[in-house]
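Every chain is numbered from 1 and lettered A, B, ... according to where its sequence line falls, protein lines coming before strand lines. Values below: every heavy atom of this structure, side chains too, minus hydrogens, waters and symmetry copies.
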There are 2 protein chains.
Amino acid sequence: MPCCPPLTERMLTAEEAERTAAMFKALGDPVRLRLFSAVASAPGGEACVCDISDVGVSQPTVSHHLKKLKEAGLLVSERRGTWVYYRVEPGVLAAMGHLLMAPVPTDR
Amino acid sequence: MPCCPPLTERMLTAEEAERTAAMFKALGDPVRLRLFSAVASAPGGEACVCDISDVGVSQPTVSHHLKKLKEAGLLVSERRGTWVYYRVEPGVLAAMGHLLMAPVPTDR
DNA sequence: AGCCTGTTTCGATGTTCGTCAACATAGACG
DNA sequence: CGTCTATGTTGACGAACATCGAAACAGGCT
């Protein structure tokens, strides 16, 4: 059950835009987008921080970005022993895809 | 022909992330997102600036945001007489939808 | 000219990004 | 237990960037 109707259906309300923009904003940084795709494409659907820290910035910066992705509702984290694993919040990809889906793809 | 593989396929390269993040970033502002949805949902696929200026900010600010959406490759504009019309850059919605599409939706 | 629609320039205010240092948590080892 | 080492998180700071509106500007119609 997505948060908002497709962008092509009608103009979003201010509240809808606020919520939805927060997600797009989280993916609107190259480092965060790479981190997200690293988690999303990881085998088993999850990735340890130590496995995805090679994105060109320092490790604390990675942690800051992961926190933002978490606050945006895109990732969830779980500590297992020494390591912290991140995975994609279920349903998020489908919800965002739904937002961008045109009702009739190659028509208009 | 999308710019990048789905986010679930593999970790994006730095260049791919740079290009793609620019689009998400453009939609990562509530005002811009509303403007974009206003254009995307407009009858005929296009909207005059004067029709979508009621988003709670001044008209110059609307112009600023429309410019950013244009620079991000999400909108195109055309002047016809007194008015300027904006429409969604063809293929953009499908390309971004493709990015977020999981290979097997409700499986994992 | 006068009017209308949009854009651009400019400056003030606020936000984001990246790093260093300090802290928290978990395991290993004596 | 105490200490050491490894993995992540948090706080604080400066530099860079984004947002917004008032005013000035540009293009088109009558």
Side-chain angles (χ1 to χ4, degrees), chain A residues 12 14 17-39 42 44 46-88, chain B residues 12 14-15 17-36 38-39 42 44 46-88:
Chain A
L12 299 182
E18 202 80 37
R19 261 178 297 149
T20 309
M23 292 200 272
F24 283 117
K25 188 175 187 177
L27 294 181
D29 177 275
V31 173
R32 281 196 295 272
L33 191 58
R34 289 190 81 194
L35 288 172
F36 184 82
S37 71
V39 172
E46 68 179 9
C48 164
V49 175
C50 58
D51 290 331
I52 57 178
S53 292
D54 302 332
V55 287
V57 293
S58 69
Q59 202 279 325
T61 302
V62 169
S63 192
H64 278 134
H65 283 305
L66 288 172
K67 186 180 184 181
K68 287 207 172 184
L69 288 167
K70 210 166 123 181
E71 288 171 347
L74 298 176
L75 294 180
V76 292
S77 68
E78 179 196 358
R79 174 158 218 148
R80 283 210 296 281
T82 305
W83 297 277
V84 176
Y85 292 88
Y86 280 81
R87 56 174 60 240
V88 176
Chain B
L12 298 182
E15 291 81 18
E18 202 80 36
R19 261 179 296 149
T20 309
M23 292 200 271
F24 282 116
K25 187 176 188 177
L27 294 181
D29 177 275
V31 174
R32 281 197 294 271
L33 191 57
R34 289 189 82 195
L35 289 171
F36 184 82
V39 172
E46 68 180 8
C48 164
V49 175
C50 57
D51 291 331
I52 58 178
S53 292
D54 302 331
V55 288
V57 294
S58 70
Q59 202 279 326
T61 301
V62 169
S63 193
H64 278 144
H65 283 305
L66 287 173
K67 185 180 183 181
K68 288 210 170 184
L69 288 168
K70 212 167 121 181
E71 289 172 346
L74 298 176
L75 294 181
V76 293
S77 68
E78 179 196 359
R79 174 158 218 150
R80 283 208 296 280
T82 304
W83 296 277
V84 176
Y85 291 88
Y86 279 81
R87 57 175 59 240
V88 176

Protein heavy-atom contacts under 4.0 Å, written 5' to 3' over nucleotides 10-17 of chain C as B (base), S (sugar-phosphate only) or - (none), form the string ------SS

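- Considering every non-hydrogen atom in both A:Tyr86 and A:Val39, the closest pair reads O-CG1, 3.4 Å.
- For B:Leu35 and D:dT19, the CG to P distance is 12 Å, given to the nearest whole Å.
- Of the candidate nucleotides D:dT7, D:dT9, C:dG6, D:dT9 has the atom lying nearest to any side-chain atom of A:Tyr86.
- Straight-line distance from the CD atom of A:Gln59 to the P atom of C:dT25: 17 Å, rounded to whole Å.
- Residue pairs meeting the salt bridge (charged side-chain N to carboxylate O under 4.0 Å, His left out) criterion with at least one partner in residues 77-86 of chain A, sequence neighbours excluded, are A:Glu46-A:Arg80, A:Glu78-A:Arg80.
- Contacts of B:Lys67 classified as side chain to side chain donor-acceptor pair (under 3.5 Å), with partners at least two apart in sequence or in another chain: none.
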Return all side-chain donor-acceptor pairs below 3.5 angstrom for residues 20-31 of chain A, not counting sequence neighbours, or 'none' if the list is empty.
residue: A:Thr20; atom: OG1; partner: A:Glu16; partner atom: O; Å: 2.8
residue: A:Asp29; atom: OD1; partner: A:Val31; partner atom: N; Å: 2.9
residue: A:Asp29; atom: OD1; partner: A:Arg32; partner atom: N; Å: 3.1

Filtered N/O pairs between nucleotides 23-30 of chain D and protein, under 3.5 Å:
none

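- Rounded to whole Å, the distance from OH on B:Tyr85 to P on C:dT7 is 13 Å.
- To the nearest 0.5 Å, the span separating OG on A:Ser77 from CG on A:Leu69 amounts to 11.0 Å.
- Across A:Val76 and A:Lys70, no two heavy atoms sit closer than the pair CA-CG, 4.5 Å.
- A straight line from CG of A:Asp51 to P of D:dG8 spans 8 Å, rounded to a whole angstrom.
- Residues B:Trp83 and B:Cys50 come closest through the heavy atom pair CD1-SG, 3.7 Å.
- The stretch residues 70-78 of chain A does not touch DNA chain D, since none of its heavy atoms comes less than 4.0 Å from the strand.
- Considering all non-hydrogen atoms of both residues, B:Arg34 and A:Leu12 come closest at NE-O, 2.8 Å.
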Next item on the list: Go through the steps for A:Val88 and A:Leu74 under the test side-chain contact (heavy atoms from CB on, under 4.5 Å), then give the verdict.
Entry: CA-CA 6 Å; A:Val88 176; A:Leu74 298 176; over 6 Å; no

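- In this structure, A:Lys67 does not reach the D:dT9 phosphate: none of its side-chain N or O atoms is under 4.0 Å from OP1 or OP2.
- Taking every heavy atom of both residues into account, A:Ala47 and A:Ile52 meet most closely at CB-CG2, 3.9 Å.
- Among B:Val49, B:Asp51, B:Val57, the one residue that satisfies the side-chain contact (heavy atoms from CB on, under 4.5 Å) test with B:Ser53 is B:Val49.
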